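Everything quoted here is computed from the prediction, not taken from an experiment. Whatever order the structure lists ligands and atoms in, that order sets their numbers, starting from 1. Positions are given from 1 along the sequence.
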Amino acid sequence: MASSIHSCLLVAITILTLASKTTLALPEVIRIGGLFDSSDPMPESAFRQALDRINENGRFLPKSNLVSLSERLPPNDSHFASRRVCQMLRNGLAAVLGPSSSSTSSHIQSICDALEIPHVSTGCQSRLRRTHYAINLHPHPTALGQAYVDVIRTWEWTAFTILYEEEEAMVRLQHLLKVSTTSGYKINVRKLPQTDNYRPLLKEIDGKGERQIVLDCSAETLAVVLKQAQQVGLITSSYSFFITSLDLHTLDLEDYKYSGTNITGLRLVDLNKIKAANLTKAYSSTSRYYNPAVMNPNATTFTTETALTYDAVHMIAKALGELDRSQDVRVKPLNCDGTDTWIHGNSLINYMTLVEMEGLTGFIKFDTQGYRTFFHLSILELTPEGLTSVSSWNPIDGANITRPTATDATPLLADSLVNKTLIVSSKLSDPYFMLKESSKMLAGNDRFEGFVVDVIDEVSKLSGFKYTLQIVADSNYGSLNPETGEWNGVIRELQDEKADLGIADLSITYDREQAVDFSLPFMNTGISILYKKPQKQPPSLFSFLSPFSVEVWIYMCAAYVGISLSLFILARLTPLEWVNPHPCDPNPKELENNFNFLNSTWFTIGSLMQQGCDLAPKATSTRMVAGIWWFFTMIIISSYTANLAAFLTIERVESPISSVDDLAKQTKIKYGLVGSGSTGAFFRDAKIANYQRMWQFMEAINRSSTPSNPGPFTKSNMEGVKRVQDSKGLYAFLMESSTIEFFTERICDLTQVGGMIDSKGYGIAMKTGSPYRAAISQAILKLQETNRLLILKSRWWKEKRGGGACKDEGGGSSAASELGLANVGGVFVVLVGGLLIAAFISLCEFAWEARQVVNEQGGSFWKGMLREFRSAIRTTGNSKPVKRRYGSSVPRSESKL
Ligand code: GLU
């Protein structure tokens with residue numbers, strides 16, 4: 001017995017001696033209390049893992065084993081938490097860690113303060129001051145606030161919206177708010193609603209044009225907010241989000257990485273250290289506890305709290321090691337209701353504030369106040385490759401973000417067209433963008449069909465993006481208000497970033513190019529006139545007069561009278577027309593002339609009517625006249641007959657206008673155009689006098705318009721088409737030729753009048769500087785080269801929606817026109833020529849006769865001529881006295897006057 005007591009004493013002395021030579025002995029088992037929120041198993045797991053590593057490693061506490069006493073707490077139950085911690089303290093604890101929830105943590109903190117037990121927390125606390133026995137590994141709110149300010153300053157945000165979830169966030173955001181007030185930034189501060197439907201708030205933000213958003217909420221809420229932001233159209237390249245949560249990296253951002261949205265966040269944990277410590281594997285199994293909708297099992301799920309818990313255990317171990325060097329540490333059970341305290345608590349907490357070490361959350365060091373104000377943050381940006389660290393922040397150097405330059409960014413964003421969902425705005429207009437006719441209830445893009453719907457579909461397939469079609473809110477194409485300088489319609493929606501693309505029968509114009517960007521044109525067109533087809537004229541009573549113009553008829557009448565008179569005169573002058581009325585009498589007293597006035601007119605009309613008559617000219621002159629008249633009548637009659645046949649077989653269609661100039665010159669036929677379109681802009685800005693006059697005319701009518709008598713500017717092409725249809729030819733609509741072609745294929749009493757007065761194309765519009773322009777233009781070129789655009793045009797113009805209805809109607813526009821003087825004038829010339837020659841011959845014959853008479857009766861030639869002339873004129877009736885021997889050259893004495 002005595003020997004055994006002796007040997008025991010020896011062992012004790014030896015141990016004490018050894019202990020005094022190396023370290024003051026820590027108890028073999030040191031208990032650390034851990035309190036964790038029940039919702040997240042990972043911090044607890046990290047706590048145990050860290051203790052195991054420390055025990056295995058033996059670097060910090062070679063002789064002691066750290067033992068965990070941990071508890072999962074229901075959320076916000078401080079009473080339960082206090083009871084549990086008191087139970088733990090009865091076992092003797094060197095430190096208490098957690099929980100992260102702010103309210104529960106402050107209860108635990110006060111218990112620990114009372115018992116002088118160090119309390120280590122890892123959550124972001126709302127209290128700026130710490131109590132003596134508390135230490136927090138989470139970066140201090142003021143330092144975090146400084147990081148936010150630095151990031152926002154680097155981005156040069158001057159107007160932004162702060163969205164926060166809990167009031168405590170204001171502690172972190174306080175610095176940002178203060179700086180913003182002094183720097184004159186425009187800030188809107190909004191609280192996320194308590195429900196999980198954030199869409200109304202997000203829509204309101206969108207409606208107010210707030211594009212830069214600072215989002216302060218937990219990782220779980222963040223996932224929901226981002227999803228809903230995408231649903232209401234905020235995840236586009238025009239939005240920027242700055243996420244203050246240090247857990248952004250734990251979210252699945254796959255759906256957003258091609259959106260071009262600027263999503264930026266901060267990360268405290270050092271993923272490389274986690275990998276180096278071979279911890280990812282160890283913890284990945286626990287990730288299954290996470291809501292898979294929130295957490296991506298493929299990405300690292302190492303939350304900041306987990307990493308901080310791991311670091312906290314190491315910090316406690318390190319501080320214990322330091323404490324062990326200076327004091328003989330004993331851990332004793334404590335009663336929450338007692339007055340006893342732990343005498344080493346004070347020293348241990350002091351050692352903790354002096355700790356400097358590398359942890360999973362970077363370099364850990366506390367300032368003189370015991371706050372973690374020095375830390376490194378990685379600045380993360382979401383790119384198509386995922387969340388990428390673009391820079392880092394620390395309180396000394398601030399943020400040093402090198403954003404990609406424009407040239408670098410373009411290919412990056414062009415790539416991001418792939419898988420991106422673009423909002424495509426369009427205006428309802430046949431056949432480009434129409435509502436589908438269906439008995440079923442349709443939703444989404446299925447509601448629409450038309451040429452541009454097919455074009456955007458083909459373009460999207462070639463470029464790899466998805467799209468959502470929407471009808472432009474104000475039903476306008478886009479026109480500039482010269483007074484306010486503001487656009488409306490599709491152009492405005494692109495400017496306001498309510499749509500990414502605009503596609504319709506939207507013309508590329510100079511003015512619009514200043515406001516938005518256009519792709520290459522996918523269809524060419526130009527302004528022309530839609531008008532009622534001229535109606536077939538009922539055959540007129542006097543249509544037989546139609547082959548000749550009025551002029552020709554007058555000339556013909558004149559020719560008839562002239563020829564009849566000429567024949568009459570020449571026949572009187574020529575002696576050969578004076579014939580013996582009684583052929584049996586060789587010496588007639590009188591000679592007779594058959595061509596009296598009546599006979600002459602009868603002869604001419606008989607030949608004109610192709611009937612002939614009994615009279616026949618005998619003298620060369622009169623025969624000449626007759627011959628030439630017959631020639632004239634032959635040509636005239638055959639021309640008349642030929643043209644009459646054409647007139648009787650071809651229907652005569654006449655249009656009162658045949659060009660825009662015709663429209664400009666008259667006021668009877670009213671005209672109009674689409675109010676908010678490029679056609680209106682063309683006439684408004686026209687420099688050509690006729691077009692200017694037309695614009696003034698339309699404006700004047702517009703000013704005097706009333707609801708019952710609407711002005712010339714319509715809301716749509718369809719409205720214009722209806723007006724033309726109902727107008728009975730008193731209304732013409734200025735419209736683009738491609739659209740006219742569509743309507744004239746279906747409404748057969750409408751037609752295009754005249755050619756195009758300008759030339760332009762329809763393009764896909766997008767906001768200025770859009771990175772999608774090149775990709776979309778390339779896709780359009782491809783569609784052109786593969787004839788897809790032609791096929792689509794033929795489908796929508798000729799086949800679908802009643803195409804081809806007017807196929808048989810076209811073509812009959814060539815009407816036979818009357819023959820003018822230019823056509824038959826030559827006949828009149830021949831007629832006059834012949835007449836002159838006949839007159840000359842007649843003169844010669846007359847002179848010859850006069851000479852014969854002079855030869856028989858004597859006298860001078862000129863006197864004989866005069867005498868013969870007088871007798872020809874004076875002679876009444878058809879007979880004249882014989883002056884020389886009838887039928888011989890020998891003058892007869894008895895025939896003398
Ligand atoms: N294509 C026109 C535009 O883009 C609309 C129709 C018109 O003005 O005739 O505005």
Side-chain angles (χ1 to χ4, degrees), residues 424-434 450-452 455-456 471-472 474-482 486-495 499 501-531 660 663 671-686 691 694-695 698-699 702 711-724 731-744 750 752-766 793 796-797:
V424 181
S425 201
S426 187
K427 168 167 167 45
L428 287 176
S429 169
D430 293 9
Y432 307 96
F433 189 68
M434 302 175 283
F451 177 71
V452 298
V455 170
I456 198 72
I471 303 175
V472 60
D474 65 1
S475 299
N476 283 320
Y477 288 98
S479 62
L480 179 68
N481 182 338
E486 281 184 6
W487 287 88
N488 63 7
V490 176
I491 306 291
R492 179 64 181 266
E493 288 203 348
L494 292 171
Q495 284 184 324
L501 299 178
I503 185 167
D505 47 333
L506 190 68
S507 312
I508 305 171
T509 65
Y510 175 79
D511 278 351
R512 286 179 181 169
E513 271 281 1
Q514 314 299 308
V516 292
D517 276 354
F518 277 98
S519 68
L520 287 176
F522 56 83
M523 182 177 267
N524 292 317
T525 189
I527 301 171
S528 191
I529 305 169
L530 180 77
Y531 191 57
V660 177
L663 262 190
Y671 43 89
L673 40 80
V674 173
S676 70
S678 57
T679 306
F682 172 87
F683 281 93
R684 190 191 58 210
D685 305 334
Y691 303 158
M694 287 172 79
W695 179 250
M698 287 188 276
E699 285 235 289
N702 193 39
F713 305 126
T714 64
K715 263 282 183 204
S716 66
N717 282 325
M718 198 61 184
E719 200 183 321
V721 172
K722 290 225 172 74
R723 283 195 197 178
V724 176
Y731 189 82
F733 195 63
L734 293 156
M735 193 171 168
E736 281 157 338
S737 59
S738 48
T739 319
I740 292 182
E741 202 185 320
F742 170 79
F743 284 109
T744 52
L750 298 187
Q752 174 175 337
V753 172
M756 297 190 284
I757 59 170
D758 73 342
S759 166
K760 57 194 161 210
Y762 298 145
I764 301 179
M766 58 209 89
K793 182 164 182 209
W796 286 105
W797 264 251

Pairwise salt bridge (Lys or Arg N to Asp or Glu O under 4.0 Å) hits with a residue in residues 752-766, at least two apart: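 Qualifying pairs, neighbours excluded: Glu736-Lys760, Asp758-Lys760.
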
Return the orientation label for the Phe683 and Tyr691 ring planes: parallel under 30°, perpendicular over 60°, tilted otherwise.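 Perpendicular: the ring planes of Phe683 and Tyr691 meet at over 60°.
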
Report all N/O contacts between ligand 1 and the protein shorter than 3.5 Å as a table of atom names and distances to 0.1 Å; if there are none, say 'none'.
{"unit_1": "ligand 1", "atom_1": "1 (N)", "unit_2": "Asp505", "atom_2": "O", "d": "2.5"}
{"unit_1": "ligand 1", "atom_1": "1 (N)", "unit_2": "Ser507", "atom_2": "OG", "d": "2.9"}
{"unit_1": "ligand 1", "atom_1": "1 (N)", "unit_2": "Glu736", "atom_2": "OE1", "d": "2.7"}
{"unit_1": "ligand 1", "atom_1": "1 (N)", "unit_2": "Glu736", "atom_2": "OE2", "d": "3.2"}
{"unit_1": "ligand 1", "atom_1": "4 (O)", "unit_2": "Asp505", "atom_2": "O", "d": "3.2"}
{"unit_1": "ligand 1", "atom_1": "4 (O)", "unit_2": "Ser507", "atom_2": "N", "d": "2.7"}
{"unit_1": "ligand 1", "atom_1": "4 (O)", "unit_2": "Ser507", "atom_2": "OG", "d": "3.3"}
{"unit_1": "ligand 1", "atom_1": "4 (O)", "unit_2": "Arg512", "atom_2": "NH1", "d": "2.8"}
{"unit_1": "ligand 1", "atom_1": "8 (O)", "unit_2": "Ser678", "atom_2": "N", "d": "3.2"}
{"unit_1": "ligand 1", "atom_1": "8 (O)", "unit_2": "Thr679", "atom_2": "N", "d": "3.1"}
{"unit_1": "ligand 1", "atom_1": "8 (O)", "unit_2": "Thr679", "atom_2": "OG1", "d": "3.0"}
{"unit_1": "ligand 1", "atom_1": "9 (O)", "unit_2": "Thr679", "atom_2": "OG1", "d": "2.5"}
{"unit_1": "ligand 1", "atom_1": "10 (O)", "unit_2": "Arg512", "atom_2": "NH1", "d": "3.4"}
{"unit_1": "ligand 1", "atom_1": "10 (O)", "unit_2": "Arg512", "atom_2": "NH2", "d": "2.7"}
{"unit_1": "ligand 1", "atom_1": "10 (O)", "unit_2": "Ser678", "atom_2": "N", "d": "2.8"}

Side chain to side chain contact (heavy atoms under 4.5 Å, CB included) between Met694 and Leu734, intermediate numbers included: CA-CA 11 Å; Met694 287 172 79; Leu734 293 156; 3.9 Å; yes

For residues Gly489 and Val472, report the shortest heavy-atom separation together with the two atoms involved.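 Shortest heavy-atom contact: C-CG2, 3.5 Å.
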
Verify the distance criterion only: is there a donor paired with an acceptor across the side chains of Thr679 and Tyr477 at less than 3.5 Å?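 No donor-acceptor contact under 3.5 Å links the two side chains.
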
Arg512 vs Leu506, side chain to side chain contact (heavy atoms under 4.5 Å, CB included): CA-CA, chis, key distance, verdict: CA-CA 10 Å; Arg512 286 179 181 169; Leu506 190 68; 3.5 Å; yes

